[in-house]
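Every number for a ligand or one of its atoms is a count from 1 in the order of the listing.
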Amino acid sequence: MDYHVELKRVTRVFAKNGEQIRALDGVDLAVARGSWTVVVGLSGSGKSTMLSLIGGLDRATEGEVWVAGNDLGKLSSDALADFRREKVGFVFQSFNLVPTFTALENVCLPFVPYKVARAQAEKKALEVLEQVGMLARANHLPGELSGGEQQRVAIARALVNDPELLLADEPTGELDTRTGEKVLELLSKLHRERGMTIVMTSHDPRIAEQAPAVVRLEDGRVVAHAT
Ligand SMILES: Nc1ncnc2c1ncn2[C@@H]1O[C@H](COP(=O)(O)OP(=O)(O)OP(=O)(O)O)[C@@H](O)[C@H]1O
Ligand SMILES: [Mg+2]
């Protein structure tokens, strides 16, 4: 089986005030290419830590993290940064948009390190803004958009590099139920159309109920993995 993401006995220890916290403790995980996995668990169970390791934002203390055939622990910091930019899209609970940039400028941001010509970057950014239904708001600042609209802009920004893997950490966490459902519908549409692999975290048991694959974490350990 060609897994897109594989964790092998992954442990992440944080040292805090002389105390060691095992945020992840010997986790095994296999995510099929093109699948949609929801990671659930109580606050502090290790969900964000797991996404950060898969996305190359953080490194495992022990064990191996494999994504698209790369052993992330073996990559240099520069190679890891390239991996993140080219292969992964990130969506966060708090949108993380730059408040002084318009929606369009925010979506163009991932192109900055590549020095892509402005016209070319904007053309691509407008395409993805259209896909998420935000074309009409391209010139608005985040502060002029609702939470759901800001999250759609953040999703557009995550998609602008055509990532194979989308990681979303509580993408509906700051949205009301209805708006959250709309954001999920959008992710579902993008998943179908683009065939991307999605790994997202959620506190919401209803989201887990609808998910095709669920990973449940408790105190840094996987206690259930249903596909
Ligand atoms: N940078 C860090 N330094 C020290 N401890 C950390 C750090 N990041 C996470 N932790 C600890 O690791 C554990 C797992 O944290 P994590 O953020 O992965 O949980 P989570 O499941 O995402 O929780 P939440 O649902 O509240 O977002 C927690 O005990 C947390 O306090
Ligand atoms: Mg978290």
Give a yes or no on whether S48 keeps an N, O or S atom under 2.8 Å from the Mg ion (ligand 2). yes
May I ask you to check whether over 12 heavy atoms, not counting those of R59, lie within 6.0 Å of atom CZ? yes
With a cut-off of 6.0 Å (strictly less than), are more than 12 heavy atoms of other residues, nucleotides or ligands near CZ of R216? no
Between N139 and T102, does a side-chain hydrogen bond (donor to acceptor under 3.5 Å, both in side chains) hold up when you go through it step by step? CA-CA 5 Å; N139 295 313; T102 64; 4.9 Å; no
[X] versus [Y]: any side-chain heavy-atom pair under 4.5 Å?
X    : Y    : answer
R221 : E218 : no
V98  : L109 : yes
H140 : M134 : no
R152 : E149 : yes

Before you tell me yes or no, could you show the steps for K87 and D82 under salt bridge (Lys or Arg N to Asp or Glu O under 4.0 Å), namely the whole-Å CA-CA distance, both residues' side-chain angles and the distance that decides it to 0.1 Å? CA-CA 8 Å; K87 308 275 191 199; D82 287 344; over 6 Å; no
Contact atoms of ligand 1, heavy-atom distance to [X] under 4.0 Å:
X    : answer
L42  : 21 (O)
S45  : 19 (O), 21 (O)
H203 : 25 (O)

Before you tell me yes or no, could you show the steps for D28 and K8 under salt bridge (Lys or Arg N to Asp or Glu O under 4.0 Å), namely the whole-Å CA-CA distance, both residues' side-chain angles and the distance that decides it to 0.1 Å? CA-CA 5 Å; D28 289 313; K8 298 180 183 173; over 6 Å; no
Return the closest protein heavy atom for [atom] as residue, atom name and distance.
atom                    : value
atom 28 (C) of ligand 1 : G44 O, 3.8 Å
atom 1 (N) of ligand 1  : F14 CE2, 3.6 Å
atom 12 (O) of ligand 1 : A23 CB, 3.2 Å
atom 27 (O) of ligand 1 : S48 OG, 3.9 Å
atom 16 (P) of ligand 1 : T49 OG1, 3.6 Å
atom 29 (O) of ligand 1 : I21 CG2, 3.8 Å
atom 26 (O) of ligand 1 : S43 OG, 2.6 Å

Minimum distance, heavy atoms only, to atom 21 (O) of ligand 1: which one of M50, K16, K47 is it? K47
If hydrophobic clusters are built by linking Ile, Leu, Val, Met, Phe, Trp and Tyr wherever their side-chain heavy atoms come under 4.5 Å apart, do L126 and V132 end up in the same one?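 Same cluster.
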Hey, is atom 14 (C) of ligand 1 touched by any protein heavy atom at less than 4.0 Å? yes
Protein heavy atoms: any of them under 4.0 Å from atom 8 (N) of ligand 1? yes
Tell me whether ligand 1 is touched by G46 - counting only heavy atoms on the residue side and a distance under 4.0 Å.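 For ligand 1, residue contact (heavy atoms, under 4.0 Å) with G46 is present.
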So for R12, does at least one of its heavy atoms come nearer than 4.0 angstrom to any atom of ligand 1? no
At under 4.0 Å between heavy atoms, is it the side chain or the backbone of L217 that contacts ligand 1, or both, or neither?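 Answer for L217: neither.
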When you measure from the centre of the six-membered ring of F14, is the NZ or CZ of R12 under 6.0 Å away and within 45° of the axis?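 Output yes; distance and angle both within limits.
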